[in-house]
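Data first, discussion second: the structure below is written as structure tokens.
We use all heavy atoms of the structure for the numbers below, so side chains are in, but hydrogens, waters and symmetry mates are not.
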Amino acid sequence: MMFMPTLYEQLGGQAAVNLAVDNSYRKVLTDDRVKSFFDGVDMDQQIAKQKAFLTMVFGGPNNYSGLDMRQGHAHLVKRGLNDSHVDTIIELLGKTLSELGVAEPLIQQVAALAESTRNDVLGR
Amino acid sequence: MPVVRWGEQTFPLHGNETVLDALLRNGVSVSYACKSGSCGSCMLQAREGTVPARAQAGLKDSWKAQGYFLACVCVPEADLAAAPLGAEARIRATIISLGNLSPSVKQVLVRRDVASDIRPGQYIAIIRPDGLARSYSVAGLPEEDVLEFHVRLIPNGRMSGWLHNDACVGDRVTTLGPSGECFYVPGNEDQPLLLAGTGTGLAPLWGVLRDALRCGHRGPIHVFHGAVHQGGLYLCDELRSLTQTHEHVTYTPVLLTGDPIPGTEIGAIDKVILGRFPKLAGWRAYLAGDPDIVRSLKMQLFLAGAGSRDILADAFLHSAD
């Protein structure tokens, strides 16, 4: 039987996730399209959430819950969070991974997994 | 509603009440100070039941394993039996020296009855015989069982007022801890280090600095100490003399206001640091002192490229009462 490594393992495990979390968080904090949603957010808590999210989209050990995603973003939806912002986050994540030397097909897989949370994030 | 069991007594929790609030509401005497899960004064031990992860965040693994938790941020989802910490976590100590570092900062040395594993830069709760508790950073360990603290006199501060005006050499206190992760970790001796703090935020940095040198750190070490005006600086001569004996150490006092003084920067500490070091990828930073400055610096250092796991911050919180 063929053993397929998860995306998480192919990307390099925990160390790669940590680096991707830092780099993508820096990007969203400085991107004019989305940075206002992160105003006043506690950095440590945000990094912990970002890490849980990336571990999930990389297929690593996680306890993703659509309900948490809905509750966690409900206040942002009220402030105008919409599809264009989700597009930006997925774009910045792709850019981060590309800068880290991740191959395009893997980035596509990550983007597809991130895409699967869109409706939960936007409360639909 | 879950209940807290305390010895023979059982206290039902109200709403989202913490274990600390439930105990205090029922007249149980428990030490506490910050009420925000930081100082460690209210640590208790769970005897039965599950402790929420939030109430053990930042505690060392051996403590978690023993069920230690912070009562002030513990909102149990199910029944929890709690008890005061065993004698092994509380160590009695004697004040052996009270000296002045500046008109508003005392150097307090205490000798613990038993030495335990503490790293300079971590913090310890000091508990007075009447139960008043406050946490202070360990600025150094002059001997294995002696701890050095820097205590700034806070207006109307009960513990700092006592230590400045009333405490005597020979007085007994109880110490609890250590907590905190703001300490030097050997293993990356060439990494550039940034040590930045305001007020007595210098205490943990002074501890980390000397520990790093003792461990043979070879990379550059840049110390920035911020104060509103000249009177807030202390240990200036000691820090300058360290830069004489260690070429890779720099010391920059930063005053918020005032006329230019040679060797001193005027301005906000974050602007001075980022102005000199705009790119911090690969650095490790230790930050301590005023919580707003620490929070803002942490974010700015991160945006300047320092990894989130390489920024160790110790925001000083004032007690909740």
Check your understanding: Between Arg26(A) and Ala306(B), which heavy-atom pair has the shortest distance, and what is it?
Key -> NH2-O, 2.8 Å
Point to revise | Residue Arg309(B) excluded, over 12 heavy atoms near CZ under 6.0 Å | key: no
Exercise for review: Determine whether more than 12 heavy atoms belonging to other residues, nucleotides or ligands lie under 6.0 Å from atom CG of Asp39(A).
Suggested key: yes
Point to revise | Glu77(B) CD: over 12 foreign heavy atoms closer than 6.0 Å | key: no
Practice item. Mind ranking Asp42(A), Asp44(A), Thr30(A), Asn23(A) by heavy-atom pairs under 4.5 Å with chain B and telling me who comes out on top? Key: Asp44(A)
Point to revise | Which portion of Asn18(A) sits near chain B, non-hydrogen atoms under 4.5 angstrom | key: side chain
Exercise for review: Tabulate, in ascending numerical order, the residues of residues 289-301 of chain B having at least one heavy atom closer than 4.5 Å to a heavy atom of chain A, or enter 'none'.
Suggested key: Lys298(B), Met299(B)
Exercise for review: Find the distance between CD1 (Ile311(B)) and CG (Asp22(A)) and round it off to the nearest 0.5 Å.
Suggested key: 8.0 Å
Exercise for review: With a 4.5 angstrom heavy-atom cut-off, could you sort out which part of Lys27(A) is near chain B: side chain, backbone, both or neither?
Suggested key: neither
Check your understanding: Which value, rounded to the nearest 0.5 Å, describes the distance between Leu29(A) atom CG and Phe302(B) atom CZ?
Key -> 6.5 Å
Point to revise | Glu48(B), CD: over 12 other non-hydrogen atoms inside 6.0 angstrom | key: no
